[in-house]
Each structure stands twice: as structure tokens, then as C-alpha cells.
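The block underneath contains the structure these notes are about, expressed in C-alpha cells.
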Amino acid sequence: MRIFMTGGTGFVGSMLTKRLTERGHAVTLLTRKIRTDHPVPEGVAMTEGNPTEPGGWQKEVADHDVIINLAGASIFRRWTDAEKRRIHDSRIETTRNLVNALGPRKGMKTTLLSTSAVGYYGFHGDETLNEESLPGKDFLASVSREWEETALKAEALGVRVVLCRFGIVLGAGGGALGEMIPIFNKGLGSPLGNGKQWFSWIHQMDLVRIFLFLMEREDLSGSFNCTSPEPVRNKELTEFLGEALGKPTFMPSVPGFVIRMIKGEFGNVLLKGQKVLPEKLLNAGFRFQYPDLKNALRDLLHPAP
């Protein structure tokens, strides 16, 4: 198949691109600037453009069978008004431009795999959440809801739309672990707040496998929680990561008010979390390679030769 991808040079996109080309698919990556000093892998084409703005790049979208939308500015920073606008526009405007570019494919078999996030649900304490749970009302929930609504407009063109609600992606060399490992290596790893908040996570390779699964299962559409079936509490995450790194985790918990003082509104994401389960994936027959956090961390931090 011919696949067009936004965010394809990022943390998740680079892994997914590798697996897609290994399977013989032709992948076109949208990038803001083509770098001539980096060789393009076999099976990959690059096209230049800003996904948040309409442009010539949109003409290429209609030549592809599958569109994978991974673009979105990182949320892991203090949320100023400017950052909130950046978080919003990088998701909504990109998705709107992609959907608008799909007009010429009306009536043709097309799949749009568009990213969303478990932030869609808002904060619900110990309540277990699945794909049928209602959206929240905080900033991330509002962005995620608008993000999904924008992607779903492609259904009017006959496009199969799949919404991938990411949990926290754990991967080697980046993602959430890239933020945490330096702190733990200094012996400063500790729970955040009361440590009871839920942490819904996903191993990078299981996330890639989910995309391949959903791309190939033409009978599936709508929202899917891309999270491990075994979420953990923040305190457990701290213990497991310290154990995997061989580092102590006896430091006292970081008080919530300190996190909010440093991180602002984003601090609520760290202190509240969600307990999310991937019910639709499990019911569709997907099987996780790394369902439990201990084994996932062992694989990521001490991979087999």
C-alpha cells in the first residue's frame, strides 16, 4: 500500500515507518524541511510542507491509500497561552488540512489513522475507562475531542476513520522514559503527589503493532484506546523503574503544590492521570506483547542481544 504520514520523523513515526517499509509498503513522510545530509531509507519518499498550513503538499495526499496522522506538539512542558495554542493548532489544523486534501479520493477505499490521546476522558480518579466513556472538560480533553471530531469529518468522503487514543508511550531513547531516566539515574526518582494516580502506558513496539493491526483490519473503525491492559499507579511506576535501573527510590514524594508551581496547569496531568483499558482492541483479537510494566521496562532498558 501507499501510505502518507505526518509526524513520521518523530519518536513513534520513525519506528512505524521502519516496520511499514519492512513489510513492503511505500511511505511518504511530510516534513517541514528536507535534510539533504540524512539519507532517505529505501521505500520512503519525503515531501516538504507545514502540516498546519494548506499548501502544495496536500496534492500528494490523494495518491495514497492510507493516511497516518501523528503530528502534534509535545504537551510535556509548562502550558502558557502560547503553548496551548501551539498544542491545539498542531493537532487541529493539521488534521483539518489532511481531511480537506482527501476530497479527490471520495468513493475510493481509503483509511485515515489519526492520533488522539487518553486525555480525551479527563480525570476520573479510580474509575475504569473504556472507549465508551464520556469525554472530559479540561484543556486536553477539549483538544482531543475537537481533534477527533475534525478527523471524523473524513467519513463524509467514505474514508474509514480510526482514532488511536495514545497512553503514555514508553520507548528506548525518547518519550516519557527519556524524561524520567536522567532523574532516576541521579537517585532522585520518587512518586508524584500521593502516588495513587493511575498511569496508562504503552510499549513503543505494541503501539507500532496496533497501527499495523488497525491498518489491516478493514472491518474496524472509530476510537481505540492504545494502552496496555495493565495500567499501574504512579507509585508502582516509580518502584518498577527504580528496580529496572538498579537505583534507589526512597526519596519522599514530590508534593503536588510543588509540581503545580513548576509545571502549572500541566501538573494536573502528572498528578491525576486516568485508568484506561483497551477493550476494543482486546475484543478485536489484538494481543499485547508487553502487557505488564516490569517486562516492558526490562525489554526497553536491558534488551536481549
Side-chain angles (χ1 to χ4, degrees), residues 3-8 10 12-13 16 30 51-52 58 61 66-75 79 84-103 105-106 110-124 127-169 200 202 207 210-211 213-215 217-227 269 272-284 286:
I3 300 164
F4 187 96
M5 190 186 307
T6 66
V12 174
L16 180 55
L30 177 64
T52 66
Q58 290 175 289
V61 175
V66 177
I67 314 301
I68 299 178
N69 182 22
L70 298 173
S74 173
I75 67 169
W79 293 349
K84 281 187 171 184
R85 175 53 56 186
R86 184 167 172 262
I87 290 168
H88 174 276
D89 290 354
S90 65
R91 289 159 172 77
I92 311 307
E93 297 305 322
T94 295
T95 306
R96 180 178 291 117
N97 289 332
L98 280 174
V99 172
N100 289 341
L102 287 171
R105 289 196 65 85
K106 187 172 184 179
T110 310
T111 296
L112 170 61
L113 293 158
S114 192
T115 308
S116 182
V118 296
Y120 171 92
Y121 303 108
F123 308 116
H124 291 265
E127 180 183 350
T128 300
L129 304 169
N130 62 23
E131 289 85 355
E132 301 304 317
S133 300
L134 296 176
K137 297 181 179 180
D138 60 279
F139 169 67
L140 275 189
S142 298
V143 169
S144 297
R145 187 171 64 252
E146 186 178 357
W147 200 2
E148 294 188 4
E149 289 171 351
T150 303
L152 287 169
K153 290 180 180 179
E155 290 184 330
L157 301 170
V159 174
R160 177 173 71 100
V161 178
V162 180
L163 305 168
C164 300
R165 294 174 180 164
F166 284 18
I168 301 297
V169 183
S200 294
I202 181 79
L207 182 57
I210 287 170
F211 268 91
F213 178 82
L214 293 172
M215 186 179 78
R217 283 286 301 272
E218 296 181 1
D219 58 315
L220 300 177
S221 62
S223 57
F224 289 83
N225 291 332
C226 298
T227 62
V269 176
K272 295 183 177 182
Q274 299 94 2
K275 184 183 180 183
V276 179
L277 297 183
E279 286 193 5
K280 285 181 65 176
L281 279 172
L282 294 174
N283 291 340
F286 182 82

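Here the structure is a predicted model, which means the values were calculated and not measured.
- The two residues Ala151 and Leu163 have their closest heavy-atom pair at CB-CD2, 3.8 Å.
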Exercise for the section: Show your working on side-chain contact (heavy atoms from CB on, under 4.5 Å) between Phe166 and Val118 and close with a plain yes or no. Expected result: CA-CA 6 Å; Phe166 284 18; Val118 296; over 6 Å; no
Practice task
Take Leu70 and Met5, measure what side-chain contact (heavy atoms from CB on, under 4.5 Å) needs, and give me the verdict at the end.
Solution key: CA-CA 7 Å; Leu70 298 173; Met5 190 186 307; 3.8 Å; yes
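- In this structure, Leu220 and Phe213 approach most closely via the heavy-atom pair CD1-CE2, 3.8 Å.
- Here the closest non-hydrogen pair linking Arg145 and Gly136 is NH1-O, 3.1 Å.
- Without hydrogens or angle criteria, Ser90 side chain to Ile87 main chain gives a donor-acceptor distance under 3.5 Å.
- Taking every heavy atom of both residues into account, Cys164 and Leu214 meet most closely at SG-CD1, 3.9 Å.
- Put simply, CG on Leu98 and CD1 on Ile68 are 11.5 Å apart, with the number rounded to the nearest 0.5 Å.
- You'll find the side chain of Leu140 stays beyond 4.5 Å of the side chain of Tyr120, heavy atoms only.
- Shown here for Val99 and Lys153, the closest heavy-atom pair between the two residues is CG1-C, 4.1 Å.
- With 3.5 Å as the limit, one finds a donor-acceptor pair spanning the side chains of Glu146 and His88.
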Practice task
Show the numbers, then the answer: is there a side-chain contact (heavy atoms from CB on, under 4.5 Å) between Ile210 and Ile202?
Solution key: CA-CA 10 Å; Ile210 287 170; Ile202 181 79; 4.0 Å; yes
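- Using modelled atom types, no side-chain atom of Lys272 and backbone atom of His124 make a donor-acceptor pair closer than 3.5 Å.
- For Arg96 and Thr150, the side-chain atoms include no donor-acceptor pair closer than 3.5 Å.
- Side-chain contact check for Ser200 versus Ile168: every heavy-atom pair is 4.5 Å or farther apart.
- Contact check for Leu152 versus Glu149: no side-chain heavy atoms found under the 4.5 Å cut-off.
- Between the side chains of Tyr121 and Asn225, at least one donor N or O sits under 3.5 Å from an acceptor N or O.
- Put simply, the side chain of Arg160 never gets that close to the backbone of Leu113: no donor and acceptor are under 3.5 Å apart.
- Contact detail for Leu112 and Ala154: the closest heavy-atom pair is CD2-CB, 4.2 Å.
- Here the CZ-SG distance, from Phe211 to Cys226, works out to 6.0 Å after rounding to the nearest 0.5 Å.
- Under a 3.5 Å cut-off, the side chain of Thr94 and the backbone N or O of Arg91 do not form any donor-acceptor pair.
- Counting heavy atoms from C-beta outward, Val159 and Thr111 have side chains that stay 4.5 Å or more apart.
- Residues passing the side chain to side chain donor-acceptor pair (under 3.5 Å) test with Glu132: none are found, sequence neighbours excluded.
- Residues satisfying the side chain to side chain donor-acceptor pair (under 3.5 Å) criterion with Glu148, sequence neighbours excluded, are Ser116, Arg165.
- Here the side chain of Asn130 pairs no donor or acceptor atom with the backbone of Leu277 at under 3.5 angstrom.
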Exercise for the section: Using the side-chain contact (heavy atoms from CB on, under 4.5 Å) rule, take Phe4 and Val66 through it: C-alpha gap first, then chi angles, then the decisive distance, then the call. Expected result: CA-CA 6 Å; Phe4 187 96; Val66 177; over 6 Å; no
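- Proximity of a side-chain donor or acceptor of Gln274 to a complementary backbone N or O of Gly122 within less than 3.5 Å is detected.
- Formation of a donor-acceptor pair under 3.5 Å by the Glu279 side chain with backbone atoms of Glu131 is not found in this model.
- Interatomic distance, Asp89 CG to Thr95 OG1, rounded to the nearest 0.5 Å: 11.0 Å.
- Residues satisfying the side chain to side chain donor-acceptor pair (under 3.5 Å) criterion with Thr6, sequence neighbours excluded, are Asn69.
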